[in-house]
Amino acid sequence: MDMSKLLQRGDYEWELPKQGSMRVPGILYASRRLIETMDNKVLEQVRNVATLPGIVGASYAMPDAHWGYGFPIGGVAAFDPEEGGVVSAGGVGFDISCGVRLLRTGLALNDVRPVLPELMDALFNTIPAGVGSCGQIHLNDLRMSEMLRGGARWSVEQGWGRPEDLERIEENGRMAGARPENVSRQARRRQCDEMGTLGSGNHYLEVQYVEAVMDREIAASFGLRTGEVVVSIHCGSRGLGHQIGTEFLIEMAKAAKNSGIPLADRELACAPATSTVGQLYLGAMRAATNCAFANREIISHLARQTFSEIMPGAKLPLLYDVSHNTCKEETHLINGKETRLLVHRKGATRAFGPGHSDLPPAFRESGQPVLIGGSMGTASYVLAGLAENESKSLGSACHGSGRAMSRRQARRLWQGRKVVDDLRGHGIHVRSPSMRGVAEEAPDAYKDVDEVAKATECARLARRVARLRPLGVVKG
DNA sequence: ATGTCC
């Protein structure tokens, strides 16, 4: 990255000063090394987002930021609807409400290792993965609407999940304001056989163990102990979210033009939040959020069934489920005034700190679990939100290690089969329908997750709680 | 991310 455009505000904070048509400055949180290796495109996209109507505070980039569609992945931007603020489909991302959840198992590493190959085969056979994968659940139009309105609550009602999971999902597993009637026939059709499927790309189910605990008190309150096996699930709203994103990008391109919003990049397509298109998108996007919540709940149910067959008595309680591709209505303190905002987090995780009123009682003292997915061969992290991030990043943190290179570049450098064999040599069992997908997801195609997690803590966005090591991966 | 170009 061209460092000459940035002012260093702290060891882990960099400002892109307001200039030209920018309405607010850009703020990037990262170590010098992470900033240096970031694509110049990230800075350009942070700048572009800062020009959009109604943006408040700043256009933010998290330590894992990289180049995305219009908005950077690892970007946070909030807009005030009463000041002409916009909503943007590209600011949410194609995979609406993509997110991570973490299940504890109560099992020790040594109990699981002997059955690991068998366990991974069973998980791979039970949980459909890959592009266009279909599941056992088929939804007609009526049930589709119920799912889109009910989210994870609907899954639980159908018998695919447990009632006690719900308070451990953002929004209690059901996003209010969902408008199933705003979801097109095409989006519904793409989703009708895809519930309970993982999808492709960077989506996965990983069996991991707690390798190290950084904050003993919070780890204990989360029920995480060194050597315990956990399961992480990373996926989103599948074909439905993608279709909604695609359709509304077109509608928003028109809406921006009609509303006279100048776009620095056509990928920034957006509509005033109070406009017809803006409201239609919010209703559809919230329905897609419920689809993602429902999907992760069903996948958890399948994982629980599989575990109980191989490890009788294993319960797999949910620690937390949080999205990292969202636009949410939240109240934040802006210039000393409580303001209702539309907060876009694209490849960024909500990370509310201790005492936040939106958190369930279980996390009021610790702050919200922040689930950070690494790449296949490296680590994942559990962090906890910090109250001081409210004024820094509107209560947000990073979402993963972030890609360090394009998929095409990764395919040129590695062969999927060899990646699987290398990981097997490190004790990690990979199951995937696509060796091409595995090559694209090779561990070295990602940034160093340890450095990203450290920068997130040093920037005071979240506190590191535990480091997770993969044992087995089902990869889409 | 994605019925990876209806």
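Every value quoted in this text rests on a predicted model; they were computed, and no experiment measured them. Quick note on labels: first sequence line is chain A, next is B, and so on, each numbered from 1.
Counting to the nearest Å, the C1' atom of B/dT2 and the CG atom of A/Leu240 are 12 Å from each other. In this structure, A/Glu441 places its CD atom 17 Å from P of B/dT4, rounding to the nearest Å. Taking atom CD of A/Gln186 as the reference point, atom P of B/dC6 lies 10 Å away to the nearest angstrom. Rounded to whole Å, atom C1' of B/dT2 lies 13 Å from atom OH of A/Tyr69. One can place NZ of A/Lys475 at 16 Å from C1' of B/dT4, the figure rounded to the nearest angstrom. When the P atom of B/dT2 is taken as reference, atom CZ of A/Arg408 falls 19 Å away, rounded to whole Å. With rounding to whole Å, A/Phe94 atom CZ is found 14 Å from B/dT4 atom P. Computed from coordinates, the A/Ile250 CD1 to B/dT2 P distance equals 18 Å when rounded to whole Å.
Sorted pairs that involve residues 41-61 of chain A and meet ring pair (Phe, Tyr, Trp, His ring centres under 6.0 Å), not counting sequence neighbours, are lacking altogether.
A/Arg188 and A/Asp141 are joined by a salt bridge, as a carboxylate oxygen and a charged side-chain nitrogen come within less than 4.0 angstrom of each other. Ion pairing between a basic and an acidic side chain is recognised when a charged N comes within 4.0 Å of a carboxylate O; A/Glu451 and A/Lys447 show no such pairing.
A/Ser200 comes within 4.0 angstrom of a base, heavy atoms only. Backbone-only engagement by A/Glu194 is indicated by non-hydrogen atom pairs under 4.0 Å involving sugar-phosphate atoms exclusively. Among the heavy atoms of the strands, none lies under 4.0 Å from A/Arg411. Counting any heavy atom pair closer than 4.0 Å across all strands shown, A/Gly93 reaches no nucleic acid atom. Within 4.0 Å of A/Gly236, counting heavy atoms only, lies no atom of the nucleic acid at all.
The 5' end of DNA chain B is approached more closely, in terms of each residue's nearest nucleotide, by A/His234 than by the other of A/Arg436 and A/His234.
The side chain of A/Arg238 places an N or O atom within less than 4.0 Å of a non-bridging phosphate oxygen (OP1 or OP2) of B/dT2.
There is a side-chain donor-acceptor pair under 3.5 Å between A/Ser184 and A/Glu247.
Under the salt bridge (Lys or Arg N to Asp or Glu O under 4.0 Å) criterion, A/Lys475 pairs with A/Glu441, sequence neighbours left out.
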